Number of protein chains: 2
Amino acid sequence: MTTNSRNTSQRRTIVSALDDAAGFISAQDLYGHIRARGDQVALATVYAQLKKLVASGDVDAVMNERGESLYRRCAAASHHHHLACRVCGATLEIEIPPLEGWARAIAAEHHFYDVHHVLELTGVCATCHDAAH
Amino acid sequence: MTTNSRNTSQRRTIVSALDDAAGFISAQDLYGHIRARGDQVALATVYAQLKKLVASGDVDAVMNERGESLYRRCAAASHHHHLACRVCGATLEIEIPPLEGWARAIAAEHHFYDVHHVLELTGVCATCHDAAH
DNA sequence: ATTCTTGCAAACCCTTTGCAAGCTA
DNA sequence: TAGCTTGCAAAGGGTTTGCAAGAAT
């Protein structure tokens, strides 16, 4: 999680904007928030910094169903998954410890190497469920 | 699952190519296979038909980590997952029965409703692993 | 005959890249 | 000073759209 990136004002602005956004946010929207706040950072810089933040493990990235990457500051250090509300976008980090073992077992069974896994859970949170009567 | 689409030769070609591809395939790759087979269908038509097929429920669509949509004919009624080789693209259908229960349990625990899950496993198959020495 | 589908090219959107100027360490 | 970072504009890649010609019903 340690980074050797330079501490530029743009990087600080981007990290700060990510903190303000309490859930997953697209690079474009993040850029919009930054500009709305009155800060000046180029869109290409937003992408460049997000890339570094993901590489260093400080930020999580997932792909939404429109093909946009969504970014979020990572609270948990360990491997985890997400439970997201399809209506309001609220996200919870969850852990399914047995899953890691299953993934390894299945990989071994089929003679696959270097297996990665992605699990995403989506549903409707209690708040949004109630709001729909 | 019933459709009211017209039965054009292009549509038949596209469905047939989807059947030949035994797993998830991108629209671009599907188009490649169709042309490799000697058939003539415009890329825009491939996209148009895939859109209809997804809308009618005859085809499943998921987004990969590069932001491409991947399509698959919904053959199996039962829910299952995939183990795909990152090198050659070979795909195996796998089942992780306990996962369904876990998903339900987590949903209940967090008061989420109508929870769906997507699990994708990727690795390097034995053949590709051996080919790299 | 009507309505949907096809196909081409252009448009779109998100993201990445080339490169000169600026700033951090 | 050396090298990463920034910023602009342009390119790239996947997907969608406008519209006229062609099929299916």
Side-chain angles (χ1 to χ4, degrees), chain A residues 2-18 21 23-72 89, chain B residues 2-18 21 23-56 58-72 84 86 89 120:
Chain A
T2 312
T3 83
N4 51 351
S5 295
R6 294 191 173 172
N7 180 28
T8 64
S9 72
Q10 290 90 341
R11 184 183 171 91
R12 269 178 266 121
T13 298
I14 290 165
V15 170
S16 155
L18 266 174
F24 279 98
I25 185 171
S26 70
Q28 303 280 344
D29 285 351
L30 190 64
Y31 176 68
H33 288 196
I34 288 170
R35 307 216 67 180
R37 237 161 59 165
D39 291 323
Q40 281 278 357
V41 179
L43 180 58
T45 302
V46 172
Y47 278 105
Q49 284 298 335
L50 285 173
K51 202 172 189 177
K52 286 175 201 289
L53 288 164
V54 169
S56 67
D58 294 314
V59 162
D60 260 357
V62 301
M63 188 72 68
N64 73 6
E65 60 285 352
R66 294 219 326 273
E68 289 177 315
S69 288
L70 303 182
Y71 303 89
R72 176 172 186 264
Chain B
T2 312
T3 83
N4 52 349
S5 294
R6 293 190 173 172
N7 180 27
T8 64
S9 70
Q10 290 90 340
R11 184 182 172 91
R12 270 178 264 121
T13 297
I14 290 164
V15 170
S16 153
L18 267 174
F24 279 99
I25 185 172
S26 70
Q28 303 281 344
D29 285 350
L30 190 64
Y31 176 67
H33 287 196
I34 289 170
R35 306 216 68 184
R37 241 165 51 169
D39 292 324
Q40 281 279 355
V41 179
L43 181 56
T45 303
V46 172
Y47 277 106
Q49 284 299 335
L50 285 173
K51 202 171 188 177
K52 288 175 200 289
L53 288 164
V54 169
S56 69
D58 294 314
V59 162
D60 262 355
V62 300
M63 188 72 69
N64 73 5
E65 61 286 353
R66 295 218 326 272
E68 290 177 315
S69 289
L70 303 183
Y71 304 87
R72 173 182 62 118
R86 282 193 293 274
E120 291 295 324

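This structure is a prediction, so every number in the text was calculated from the model and none was measured.
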- Message: Between A:Arg72 and A:Asp60 (salt bridge meaning N to carboxylate O under 4.0 Å), is one present in this structure?
- Response: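 Salt bridge absent between A:Arg72 and A:Asp60.
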- Message: If I take atom CZ from residue A:Arg12 and atom CD from residue A:Gln49, how far apart are they, to the nearest 0.5 angstrom?
- Response: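 If I round to the nearest 0.5 Å, the distance is 11.0 Å.
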- Leading and trailing nucleotides of DNA chain C with any atom under 4.0 Å from heavy atoms of chain A: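 Terminal contacting nucleotides, 5' to 3': C:dC14 to C:dA25.
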In whole Å, I'd like the distance from the [atom1] atom of [X] to the [atom2] atom of [N].
{"X": "B:Glu68", "N": "D:dT15", "atom1": "CD", "atom2": "C1'", "answer": "11 Å"}
{"X": "B:Leu50", "N": "D:dT17", "atom1": "CG", "atom2": "P", "answer": "15 Å"}
{"X": "B:Ile25", "N": "D:dG14", "atom1": "CD1", "atom2": "P", "answer": "13 Å"}
{"X": "B:Tyr31", "N": "D:dG14", "atom1": "OH", "atom2": "P", "answer": "13 Å"}
{"X": "B:Gln28", "N": "D:dG13", "atom1": "CD", "atom2": "P", "answer": "10 Å"}
{"X": "B:Asp29", "N": "D:dG14", "atom1": "CG", "atom2": "C1'", "answer": "12 Å"}
{"X": "A:Leu43", "N": "D:dA9", "atom1": "CG", "atom2": "C1'", "answer": "12 Å"}

- Check the pair B:Val46, B:Gln28 against side-chain contact (heavy atoms from CB on, under 4.5 Å), reporting the backbone distance first and the verdict last. CA-CA 9 Å; B:Val46 172; B:Gln28 303 281 344; over 6 Å; no
Could you list, one pair per line, each protein nitrogen or oxygen that sits under 3.5 Å from a nitrogen or oxygen of nucleotides 22-24 of chain D, together with the distance?
| unit_1 | atom_1 | unit_2 | atom_2 | d |
| --- | --- | --- | --- | --- |
| D:dA24 | N3 | B:Arg6 | NH1 | 3.2 |

- Item | side-chain contact (heavy atoms from CB on, under 4.5 Å) involving B:Arg37 - partner list, sequence neighbours excluded |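 So B:Arg37 forms a side-chain contact (heavy atoms from CB on, under 4.5 Å) with B:Thr13, B:Ser16, B:Ala17, B:Asp20, B:Asp39.
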